[in-house]
Enquirer: 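I have a structure here, written as structure tokens, and I will follow up with some questions on it.
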Amino acid sequence: MTMNETKNANEILNLADELRWEIGEDFHDSLAESIYADAAKIASVVVVYEDKKSAYNFDRTFDRIVTSRWLGFPIMFLLLAVVFWITIEGANIPSGYLASILVDNFHPALKHFADSVGVPWWISGLLIDGAYLAMAWVIAVMLPPMAIFFPIFTLLEDFGYLPRVAFNMDNLYRKVGAHGKQALTMSMGFGCNAAGVVATRIIDSPRERLIAIITNNFSLCNGRWPTQILIATIFIGAVAPPHLAGLVSAGAVVGVALLGISLSLLVSWFLSRTVLKGEASAFSLELPPYRPPRVLQTLYTSLIDRTLFVLWRAIVFAIPAGIVIWLVANIYIGGETIAAIFINWSNPLGILLGLNGVILLAYIIAIPANEIVIPTVLMLTVLVSGLSGIGGGSGVMFELDSVEATANILHAGGWTMLTGISIMLFSLLHNPCSTTIYTIYKETGSVKWTLVSTFLPIIMGFAACFALAQLWYLLG
Amino acid sequence: MSDINGCESCPAYKPGNLIKQGINMSEFDFVVALAGNPNTGKSTVFNNLTGLRQHTGNWPGKTVSRAEGAFSFSGKKFKIVDLPGTYSLLSTSQDEEIARDFILFGKPDVTIVVVDATMLERNLNLVLQVLEITEKAVLCVNLIDEAERKNITIDGRSLSRELGIPVILAAARQNRGMPELLNAIFEVASGKYKCKPHRISSETYELKRAVEKLTGKVLKQYPQLPNARWVALRLLDGDQRMIDAIKNGELNELYHPVSQEQNQVIET
């Protein structure tokens, strides 16, 4: 800028300062008022309300029920439970079907082909037993529940139910000193924590936004739902009478989700009383009209945008993870594999937490994506418990065409009800995946808050699992 | 049914002219901004025009950052920017700032304001603020099907006369009104339709005088600035972003476009 321009700029700013004194403090309000007045004038000319009743009444009545003080929460939990129940019941059969095609049939065929053309054992091991099987497993475990869960969730969203959830939760969040809109970002987190963290941009106050970012990880994300669903089916559904098993497992998953919501409230309360002190700011939340969901379009977009997107991400992370698993299970140091060394070393710590060394190693390998925890756990369990006749070699993810087969392996690996409950707890309470951590860093621009968001949940996870395990041992 | 055929044979009705170009934005003739209150269906309009599948949802705040896409119509290429929904341009939360900065500094050729037909009065607040900033705008009164369901009638012609910009009654979810919207965008962008935007007129006397005085001063320094009045209003409100724009000469660039004009978008 030239000298002259700078001088002019200063003149403008000085005049603005001067005038601001003259017109007084209520400028902002009086400007807003005059805008409202104009808007009202125009609207009165062009809008005709013939009859204020009819369709509007439906929305009102419906809202009165789903946001009522007594029914709001039960309806919410019931809806959530129904969604999971449909997911659990519906996913089992296609999962088994996929596993039998991709793992039981295609994997031996691939191996056979590799042998017949003379591929060295370590290359076919690395690529077929490692990368391919990890990918096949992720598809078999992840695709069916996602293809059911996401469209149902999206239909609810399209219908307009999410803002009602926010409306119900708003009061709770405000009481703990957080922003009511955190209920919305929390709901987004149920899909993906990275998306939930980005969604916190709708919260204007930096303090409340930070709280929402740190606590978003307490929303179970889609990488963790399948883990919850599978483990609940094996360890909790199994102790219920068969005809109730689906409902009981769904109830357990809802229980973990609710625990997550409660913890997000608790941590928000703690943060807003200590390091992030302040009052909750007021905001207005519109309850949009209910709109009949566009079923076909919703199915299409939720399949393309969410299901396939998430699946693709899982596959991309599963391939290198499969390679790593194969390597740690096949590289020997002093007569033992790297995996065995780590598992034996960390097993005492795992037992202390109600978990085991296998789970701890799996969570380290699965830092890039929660989706691959269960495949990794299963593979490592087979490896250390020396199960024979499954898969055919170390580092191989095996054929598991039903939940029972998975259950057998876990039981053989020494898993108990406590291990099942502990891993469900730990799956809720551990560090966010690397994508989310990176997103948190990008959104906050602060290393400190990124570290807090990363380590706070894992410390809580250790504490909670430790407490549970000690109580269990004491009472058991 | 003959009148429907009549519509389709009219030159104004040419949906076949629309080529959805997704994210192919290599070169374009016009930049279109898509603004509006939260949850009025901006992203649905965006998807309709570009053929993209920006995720839509029935809750306010779905779009938190800018999404961009392209389409071409009547031989002209348009870049369209889907802005986060905002209730006003006066406050300073991050999503509102993204929307405001783009309308003000991104210099769109046309700004489409999408409003909810069932809550027109409340939505008009934002429309009036946008019209303070830009001359070239089109109003898309969306969700007209819901308004009909609630027996609310909206007189599009009177509204267009009051606001001085084209007004399209639409239901983007059903593709209703989209050909007309395209046509309006084209006419405003190409200058065929001259907007005479409504300016806020209900202020108090002192306010009016102060705004006029400061606008005069701003205009003296930046004689070609199209929205000097808005700049004056924001300065009076003590808006730090605007004060900085004056201090560092950014405002100057608004009418002395830098060479790579097409890339001149604000980083978000």
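Throughout, a chain's letter reflects where its sequence line sits, starting with A, and its residues are numbered from 1.
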Enquirer: Does A:N217 reach the main-chain N or O of A:S453 with its side chain, forming a donor-acceptor pair under 3.5 Å?
Expert: no

Enquirer: Using a cut-off of under 4.5 Å on heavy-atom pairs, state which of B:L236, B:L120, B:L163 scores highest against chain A.
Expert: B:L236

Enquirer: If you look at every heavy atom in A:S264 and A:T215, which pair is closest and at what distance?
Expert: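 Nearest heavy atoms, A:S264 then A:T215: O-CG2, 3.8 Å.
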
Enquirer: Side chain from CB out, backbone as N, CA, C, O: work out which of these in B:E146 comes under 4.5 Å of a heavy atom of chain A, or both, or neither.
Expert: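 B:E146 touches chain A through side-chain heavy atoms alone.
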
Enquirer: For residues B:V113 and B:G36, report the shortest heavy-atom separation together with the two atoms involved.
Expert: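 Taking B:V113 first and B:G36 second, the nearest heavy atoms are CG1-CA, 4.3 Å.
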
Enquirer: So which of B:V211, B:L128, B:I243, B:D237 has the largest heavy-atom pair count under 4.5 angstrom toward chain A?
Expert: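 Looking at each of B:V211, B:L128, B:I243, B:D237 in turn, B:D237 comes out on top.
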
Enquirer: Under 4.5 Å heavy-atom distance to chain B, tell me which part of A:I35 shows up: side chain, backbone, both or neither.
Expert: both

Enquirer: Under 3.5 Å, is there a donor-acceptor pair between the B:S43 and B:D82 side chains?
Expert: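 Side-chain D/A pair, B:S43 to B:D82: present.
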
Enquirer: For each of B:L235, B:N125, B:L159, tally heavy-atom pairs with chain A at distances under 4.5 Å, and name the one with the top tally.
Expert: B:N125

Enquirer: Heavy-atom distance under 4.5 Å to chain A: side chain of B:Q129, backbone, both or neither?
Expert: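 The side chain, not the backbone.
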
Enquirer: Heavy-atom distance under 4.5 Å to chain A: side chain of B:R209, backbone, both or neither?
Expert: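 Contact with chain A: side chain only.
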
Enquirer: Please flag which part of B:K213 lies under 4.5 Å from any non-hydrogen atom of chain A: side chain, backbone, both or neither.
Expert: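 Both backbone and side chain.
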
Enquirer: Less than 3.5 Å apart, any donor N or O on the side chain of A:N216 or A:N193 sitting next to an acceptor on the other?
Expert: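 There is such a pair between these side chains.
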
Enquirer: Does any backbone or side-chain atom of B:L233 lie under 4.5 Å from a heavy atom of chain A? Answer side chain, backbone, both or neither.
Expert: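 Contact with chain A: backbone and side chain both.
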
Enquirer: What is the distance from atom CD of B:E132 to atom NE2 of B:H198, rounded to the nearest 0.5 Å?
Expert: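 Those atoms lie 8.0 Å apart.
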
Enquirer: Do A:R209 and A:T200 have side-chain N/O donor and acceptor atoms under 3.5 Å apart?
Expert: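 Looking only at side-chain atoms, A:T200 and A:R209 do form a donor-acceptor pair, the distance falling under 3.5 Å.
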
Enquirer: Counting only non-hydrogen atoms closer than 4.5 Å, does A:E18 touch chain B with its backbone (N, CA, C, O), its side chain (CB onward), both, or neither?
Expert: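 For A:E18, neither part sits under 4.5 Å from chain B.
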
Enquirer: How close do B:A117 and B:I154 get, counting heavy atoms only, and between which atoms?
Expert: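 B:A117 and B:I154 have their closest heavy atoms at O-CD1, 3.3 Å.
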
Enquirer: Tell me which of these, A:D38, A:I42, A:L19, has more heavy-atom pairs under 4.5 Å with chain B than the rest.
Expert: A:D38

Enquirer: Identify which part of A:V45 has an atom lying under 4.5 Å from any heavy atom of chain B, answering side chain, backbone, both or neither.
Expert: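 Side chain of A:V45 only, per the 4.5 Å heavy-atom cut-off to chain B.
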
